[in-house]
2 protein chains.
Amino acid sequence: MPDDRTNKVSCSNYTYELEIPFEIFSGKWVPSIIWNLSKEDKRFGELKKAMPKVTPKVLSQQLRMLERYGIVNRKAYPEVPPVVVYSLTNIGKKAIPLFENMNEWGAEYLEIRETGYHC
Amino acid sequence: MPDDRTNKVSCSNYTYELEIPFEIFSGKWVPSIIWNLSKEDKRFGELKKAMPKVTPKVLSQQLRMLERYGIVNRKAYPEVPPVVVYSLTNIGKKAIPLFENMNEWGAEYLEIRETGYHC
DNA sequence: CGGCATCCGCGATGATACTG
DNA sequence: CAGTATCATCGCGGATGCCG
């Protein structure tokens, strides 16, 4: 987690910069969140609808965490009922290609390991 | 975890193939393991030396898991004292670019977020 | 609608000691 | 050298309920 006051990750606690994305993206629902937001900005309820198996509490938690990390923007409109729109920040958007590559690798992995395997 | 008998991940339990790499690479020390093995094959003790903060138990656990997923090869030579060499499989090697990209993104992230930040 | 407060279980990780 | 055995811990994530 980022520092409480600065919301920044500490500089020197890593052996490789590699550990930073693994720390940031390690939440159970983070990949799905970013995957969804990469297509379009979404309201809390829309995200929730796209991810039926996550509870609101945990979804909210992970969104807040991503916000502190500077990966997502949270924009709240003070209306009744409330409207809250989440979007990816610039650095967040720069992570999208990573996720696309991961997705490709995942497909390749399945292909290699599941060939001839009845599903 | 892979199926007990086939050691294969199930075909249909994923919303996106994206979830597969996140499942496989989610172990706390997995990034370091793969990062190390991407440079050269290594014996258990060499890996342990390169990762001072992991206990042998957990290192062994995560190596076994990666072996079941088909990411690493384990080659044991029946000598005294024993020699065990770990290496990346083909599909494991195909993940190296992903890790390099993650590393780059991590560096970029630090640069953006830590500019002007005293470490 | 978009949360937060509270309680809780469990799996992943860690510490320590021991072994073929 | 390359692990296993045992026990302890700890925090993520889930369930439920309430609120502005």
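Just so it is clear, the values below take in all heavy atoms, side chains as well, and ignore hydrogens, waters and symmetry mates. All chains are named by letter (A, B, ...) in the order of the sequence lines, taking the proteins before the strands, and each is independently numbered beginning at 1.
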Participant: Rounded to the nearest angstrom, tell me the gap between atom CD in B/Q62 and atom P in D/dG3.
Facilitator: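 Rounded to whole Å, this separation is 14 Å.
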
Participant: Would you indicate what B/V83 reaches in the nucleic acid, counting non-hydrogen atoms under 4.0 angstrom: base, sugar-phosphate, or nothing?
Facilitator: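 Counting heavy atoms under 4.0 Å across all strands, the contact made by B/V83 is with sugar-phosphate only.
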
Participant: Return the value, rounded to whole Å, for the distance between atom CD of B/Q61 and atom C1' of C/dG11.
Facilitator: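 One finds 11 Å between C1' of C/dG11 and CD of B/Q61, rounded.
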
Participant: Tell me whether the side-chain N/O atoms of B/S60 come closer than 4.0 Å to OP1 or OP2 in D/dT4.
Facilitator: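 The answer is yes; a side-chain N or O of B/S60 sits under 4.0 Å from OP1 or OP2.
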
Participant: Is B/K48 close to B/P56 at the side-chain level, that is, under 4.5 Å between some pair of heavy atoms?
Facilitator: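 Contact flag for B/P56/B/K48 side chains = yes.
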
Participant: Pick from A/W35, A/F25, A/F99: which one makes a ring-ring contact (aromatic ring centres under 6.0 Å, His included) with B/F22?
Facilitator: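 For B/F22, the ring-ring contact (aromatic ring centres under 6.0 Å, His included) check succeeds only for A/F99.
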
Participant: Within less than 4.0 Å of OP1 or OP2 of D/dC1, is there a side-chain N or O belonging to B/Y86?
Facilitator: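 Checking D/dC1 against B/Y86, no side-chain N or O comes under 4.0 Å of OP1 or OP2.
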
Participant: Is the closest side-chain heavy-atom distance between B/Y16 and B/E19 below 4.5 Å?
Facilitator: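 Yes, their side chains come closer than 4.5 Å.
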
Participant: Are there over 12 heavy-atom neighbours, none belonging to A/K49, within less than 6.0 Å of that residue's NZ?
Facilitator: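 Counting other residues, nucleotides and ligands, NZ of A/K49 stays at 12 neighbours or fewer.
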
Participant: In whole angstrom, what separates B/F44's CZ from D/dT4's P?
Facilitator: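 Between P of D/dT4 and CZ of B/F44: 8 Å.
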
Participant: Rounded to whole angstroms, how far apart are CZ on B/R64 and P on D/dA5?
Facilitator: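 Value for this atom pair: 11 Å.
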
Participant: Specify whether A/F44 and A/Y86 have parallel, tilted or perpendicular ring planes, treating 30° as the upper limit for parallel and 60° as the lower limit for perpendicular.
Facilitator: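 Rings of A/F44 and A/Y86: tilted, 30 to 60°.
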
Participant: Among D/dG3, C/dG2, D/dC1, which nucleotide has an atom closest to any side-chain atom of A/V84?
Facilitator: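 The answer is C/dG2, which lies nearest to the side chain.
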
Participant: Of the nucleotides D/dG14, D/dG3, C/dG2, which has the atom closest to the A/P82 side chain?
Facilitator: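 So the nucleotide nearest the side chain must be C/dG2.
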
Participant: Starting at CZ of A/R74 and ending at P of C/dC4, how long is that distance when rounded to a whole Å?
Facilitator: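 Going from CZ in A/R74 over to P in C/dC4 covers 7 Å.
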
Participant: Take the protein atom NZ of B/K57 and the nucleotide atom P of D/dA8, then report the distance between them rounded to whole Å.
Facilitator: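 So the NZ-P distance, B/K57 to D/dA8, works out to 13 Å.
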
Participant: Nearest-Å distance, OH (A/Y77) to P (C/dG3)?
Facilitator: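 Computing the A/Y77:OH to C/dG3:P distance gives 13 Å.
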
Participant: Could you tell me the separation between the NZ atom of A/K28 and the C1' atom of D/dC12, rounded to a whole number of Å?
Facilitator: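 After rounding, the gap between these two atoms is 10 Å.
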
Participant: Within less than 4.0 Å of OP1 or OP2 of D/dC1, is there a side-chain N or O belonging to B/R43?
Facilitator: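 For D/dC1, neither OP1 nor OP2 has a side-chain N or O of B/R43 closer than 4.0 Å.
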
